Amino acid sequence: MDNATSNNSVVDNLKNHLSLMRSLVCERKFLYVCCGNHIINLIVKVSLEKANAAIGKIREGIKYINNFEIRQVKLVECLSKLGLLCSKKLHQDMPIRWNSTYQMIESALAYQQAYNNYDLIDPNFIHGLLENEWKKIETVATFLRPFYDITTLFSGSK
């Protein structure tokens, strides 16, 4: 269920308020406000479903690594052995907030090589992704980037 009815009520109240203040031209015929973030959320939700299994592996893998400091140290060792530097932190998402899932995907992509080799350091790590899953993740990240930027612009946050 979406909140379009609530949005329409708010817009109607806004129109009435602005009309009473005589702040509208053309008798409020051209004031239309649509919740852009809501529309973006609906679009993004569908796109995330296309890579749900791979995103789930990333989510569980990051949870696994971040739950214990020794695992985080092993990840740094893995990065070092691969000759990689990464200043980003592995970002755990909140699945109900797609923008945090996007940030998680971006952080996983930054650590892709280390993530793929982590099971060599920790045999209990079972959350590695196959090459075709990484390609899906890259495609989703590329698709989501403009929506993330627009949502950030709408909300006024960085």
Side-chain angles (χ1 to χ4, degrees), residues 1-15 30-69 71-72 74-76 78-79 81-158:
M1 186 160 131
D2 67 32
N3 62 358
T5 304
S6 297
N7 290 341
N8 291 340
S9 295
V10 169
V11 171
D12 287 341
N13 287 337
L14 178 62
K15 285 180 181 179
F30 300 108
L31 178 66
Y32 178 75
V33 178
C34 187
C35 182
N37 279 339
H38 179 70
I39 292 169
I40 290 172
N41 284 334
L42 295 174
I43 294 168
V44 167
K45 183 179 176 185
V46 171
S47 69
L48 289 174
E49 289 171 0
K50 302 294 182 193
N52 200 29
I55 292 169
K57 283 184 178 182
I58 290 172
R59 183 178 292 122
E60 292 305 312
I62 291 174
K63 200 180 302 181
Y64 178 86
I65 292 168
N66 284 345
N67 274 345
F68 291 99
E69 189 174 337
R71 293 177 185 160
Q72 294 172 11
K74 286 181 180 183
L75 181 67
V76 171
C78 189
L79 284 167
K81 286 180 182 178
L82 292 168
L84 301 171
L85 293 174
C86 190
S87 60
K88 283 187 174 185
K89 183 180 176 191
L90 274 177
H91 181 87
Q92 181 68 54
D93 76 333
M94 294 176 51
I96 60 168
R97 304 212 22 130
W98 76 265
N99 57 338
S100 75
T101 301
Y102 170 77
Q103 290 171 329
M104 177 187 72
I105 289 170
E106 284 291 314
S107 75
L109 287 169
Y111 282 96
Q112 183 176 351
Q113 284 184 289
Y115 198 92
N116 281 342
N117 291 288
Y118 190 81
D119 61 337
L120 300 174
I121 294 173
D122 184 347
N124 294 318
F125 184 75
I126 58 169
H127 309 289
L129 276 72
L130 302 172
E131 187 175 332
N132 67 325
E133 291 173 312
W134 280 113
K135 287 186 187 211
K136 274 187 183 178
I137 292 297
E138 289 171 0
T139 301
V140 167
T142 300
F143 177 77
L144 291 181
R145 181 67 200 190
F147 294 105
Y148 179 80
D149 292 341
I150 290 167
T151 300
T152 302
L153 179 67
F154 282 170
S155 65
S157 63
K158 285 191 172 191

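These numbers come from the heavy atoms of this one structure, side chains and all, not from hydrogens, waters or symmetry mates. Index from 1, following the sequence. Everything numeric in this text was worked out from a predicted model, so none of it was measured.
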For [X], does the [atom1] atom have more than 12 heavy-atom neighbours from other residues, nucleotides or ligands under 6.0 Å away?
X      : atom1 : answer
Leu130 : CG    : yes
Lys74  : NZ    : yes
Glu49  : CD    : yes

From [X] [atom1] over to [Y] [atom2], what is the distance, rounded to the nearest 0.5 angstrom?
X      : Y      : atom1 : atom2 : result
Leu144 : Ile150 : CG    : CD1   : 11.5 Å
Glu133 : Lys135 : CD    : NZ    : 12.5 Å
Leu84  : Gln113 : CG    : CD    : 5.0 Å
Thr152 : Asn99  : OG1   : CG    : 7.0 Å
Leu120 : Cys78  : CG    : SG    : 7.0 Å
Ile65  : Gln92  : CD1   : CD    : 10.5 Å

So do the side chains of [X] and [Y] get within less than 4.5 Å of each other, counting heavy atoms only?
X      : Y      : value
Lys50  : Lys136 : no
His91  : Ser100 : yes
Gln112 : Leu129 : no
Ile58  : Asp93  : no
Asn67  : Lys63  : yes
Phe147 : Trp98  : yes
Tyr64  : Asn124 : yes
Arg71  : Tyr118 : yes

* To do: Applying side chain to side chain contact (heavy atoms under 4.5 Å, CB included), run through Phe143 and Ile43 and close with a yes or a no.
  => CA-CA 11 Å; Phe143 177 77; Ile43 294 168; 4.1 Å; yes

* To do: Take Ile55 and Ile137 through the side chain to side chain contact (heavy atoms under 4.5 Å, CB included) test and state the conclusion after the steps.
  => CA-CA 7 Å; Ile55 292 169; Ile137 292 297; 3.6 Å; yes

* Determine, using ring centers only, whether Tyr115 and Phe125 are less than 6.0 Å apart. =>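 Distance test on ring centres: under 6.0 Å, yes.
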
* **Non-hydrogen atoms of Leu109 and Ala141 that approach each other most closely** =>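 Heavy atoms of Leu109 and Ala141 come nearest at CD1-CB, 3.7 Å.
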
* What heavy-atom pair brings Ser47 and Val140 nearest, and what distance separates the two atoms? ->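 In terms of heavy atoms, the two residues are closest at O-CG2, 4.1 Å.
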
